[in-house]
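Here the structure is laid out as structure tokens; the discussion comes afterwards.
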Number of protein chains: 2
Amino acid sequence: MSQAKSAEPRPYHHGDLRNALVDAARRLLEAEGPSALSLRAVAREAGVSPAAPYHHFKDKAELLDAVAHEGWHTLNTQMAQAKSEDGGALTGLGIAYVCFAHENPALYRVMYDAVREKEALPEDMQDNKDSAYCLVRDTLIEHGADPAAETHLELATIAAWCGAHGLAEMSGFKQFQHLKDELGGEREFLAAVLGHMGLFTK
Amino acid sequence: MSQAKSAEPRPYHHGDLRNALVDAARRLLEAEGPSALSLRAVAREAGVSPAAPYHHFKDKAELLDAVAHEGWHTLNTQMAQAKSEDGGALTGLGIAYVCFAHENPALYRVMYDAVREKEALPEDMQDNKDSAYCLVRDTLIEHGADPAAETHLELATIAAWCGAHGLAEMSGFKQFQHLKDELGGEREFLAAVLGHMGLFTK
DNA sequence: CAAGATATCTGTACAGCGCTTAGATGTGAA
DNA sequence: TTCACATCTAAGCGCTGTACAGATATCTTG
């Protein structure tokens, strides 16, 4: 494992240990998976003692929250990019969402583990202009949803998100491989399933 | 915690420890949540030594698999019941699915944790006549899907399942409370979101 | 019924975990 | 310069999953 970046004998005070810990956690997560992500391992990876993280995070959950926060941020920007590239079709957003989950499986899991613990939407997804949630809602409006029918709009956004999250967790199943082969690829499979959700038509 | 059922000093050989362990696990899961479900706690609850479970399960994951297996079985039967009671509407199945997840949150989580580990559908959900998967597929046929269009049918079933799973994980969010109030209840909220998924119309 | 093979369970131990506490070390303000 | 404060280390607690050797009960075979 990469032991931080430099070989010089780190000064007693790290300088920016908080960020270093979050980075180390992401590195470990990617390399070893979520089950290997112990606080102690993160501290080792960052080159500090096992107790050091407690001066920056209340407990392990709070460190994972910080990792998840970065994850939501990345997801938001990737979906915004997908929207601009794809001409703004809802299916494109759905595929971008699922692809993010596939490309960062461990991170995606940490993101939703945190969310399940709190039983609440992460702040990064709430009524923040840059959130993927709002991106989806705006896209629905562009495709004809009535912006005045707030409840309707909110329900539709939730439905789309539920479908995308479900697909993100399911589409990796081995049992679906034959469908991907049949349809000519992963993306085609995703688009087909999303298409069957109604909301994602077109 | 209830220390098994009887006060008599259990014979050296338990008789049916395997099932006793699975039951103990379910009891703990319900009472204390998934984070409290350690192998050692399960052994304590069943009144045996920490090493005893290893004669019946390869490791902790295999015990959780057994718990998950029971969970899938329960889910299948509850959905079959919902179908017979509800006149066979797809929305009823979706609501039954989500309600199961809400009534057994810890169990539902164990079920999907196992699934994520394996990246495969649980056996109990595959092409077994009693599976909820087949129940949904048959319901789609009853509502007009062409049984000969196998790919189409499979995609639609997957889409429905993805939507239901997503909703099961999302619908507990505090942020959606105002929608439940507005719509007159939890079930109405669920039905409304499912309705927006297209597949679940009627 | 005797005897040994086998299945099941216990006791003990190890390394790793999250977290706490006490004390060491560096930093910045008075 | 001094002292308060932020940051880090070292040591340790109780927990975990798991391995292994040995105890105990049951089953099989004679």
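Convention: sequence-line order gives letters A, B, ...; per-chain numbering from 1. Not measured: the values here are computed from a predicted model.
With sequence neighbours left out, the side-chain hydrogen bond (donor to acceptor under 3.5 Å, both in side chains) criterion links A:His178 to B:Glu154. Under the rule for a side-chain hydrogen bond (donor to acceptor under 3.5 Å, both in side chains), B:Trp72 has no partner lying at least two apart in sequence or in another chain.
In this structure, A:Leu64 atom CG and C:dC19 atom C1' are separated by 15 Å, rounded to whole Å. As a whole-Å value, the separation of B:Asn19 CG from C:dT8 C1' is 15 Å. Here C:dC19 presents its C1' atom at 14 Å from CD of A:Glu62, a figure rounded to the nearest Å. Nucleotide C:dG18 holds its P atom 14 Å from the NZ atom of A:Lys58, rounded to whole Å. Distance B:Arg18 CZ to C:dA7 C1': 15 Å, rounded to the nearest Å. For B:His55 and D:dT26, the NE2 to C1' distance is 15 Å, given to the nearest whole Å.
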Subject >> Reading 5' to 3' through nucleotides 11-17 of chain D, protein heavy-atom contacts under 4.0 Å coded B for base, S for sugar-phosphate only, - for none >> reply: -B---BB

Subject >> Derivation and outcome, salt bridge (Lys or Arg N to Asp or Glu O under 4.0 Å), residues A:Glu188 and A:Lys180 >> reply: CA-CA 7 Å; A:Glu188 287 72 16; A:Lys180 295 175 196 168; over 6 Å; no

Original post:
How far apart are the C-alpha atoms of B:Ser131 and B:Gln126, what are their side-chain angles, what is the distance that settles it, and do they pass the side-chain hydrogen bond (donor to acceptor under 3.5 Å, both in side chains) test?
Top reply: CA-CA 7 Å; B:Ser131 75; B:Gln126 283 174 265; over 6 Å; no

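Between B:His56 and the phosphate of C:dA7, there is no side-chain N or O to OP1/OP2 separation shorter than 4.0 Å.
Taken residue by residue, residues 106-119 of chain A places no heavy atom nearer than 4.0 Å to DNA chain D.
Between A:His165 and A:Tyr108, the angle of the ring planes lies from 30° to 60°, which puts this pair in the tilted group.
Sorted by first then second residue, the side-chain hydrogen bond (donor to acceptor under 3.5 Å, both in side chains) pairs that include residues 50-60 of chain A, not counting sequence neighbours, number zero. A salt bridge (Lys or Arg N to Asp or Glu O under 4.0 Å) check over residues 48-57 of chain A, counting only residues at least two apart or in different chains, returns nothing.
A heavy-atom distance below 4.5 Å is not found between the side chains of A:Leu75 and A:Asp124.
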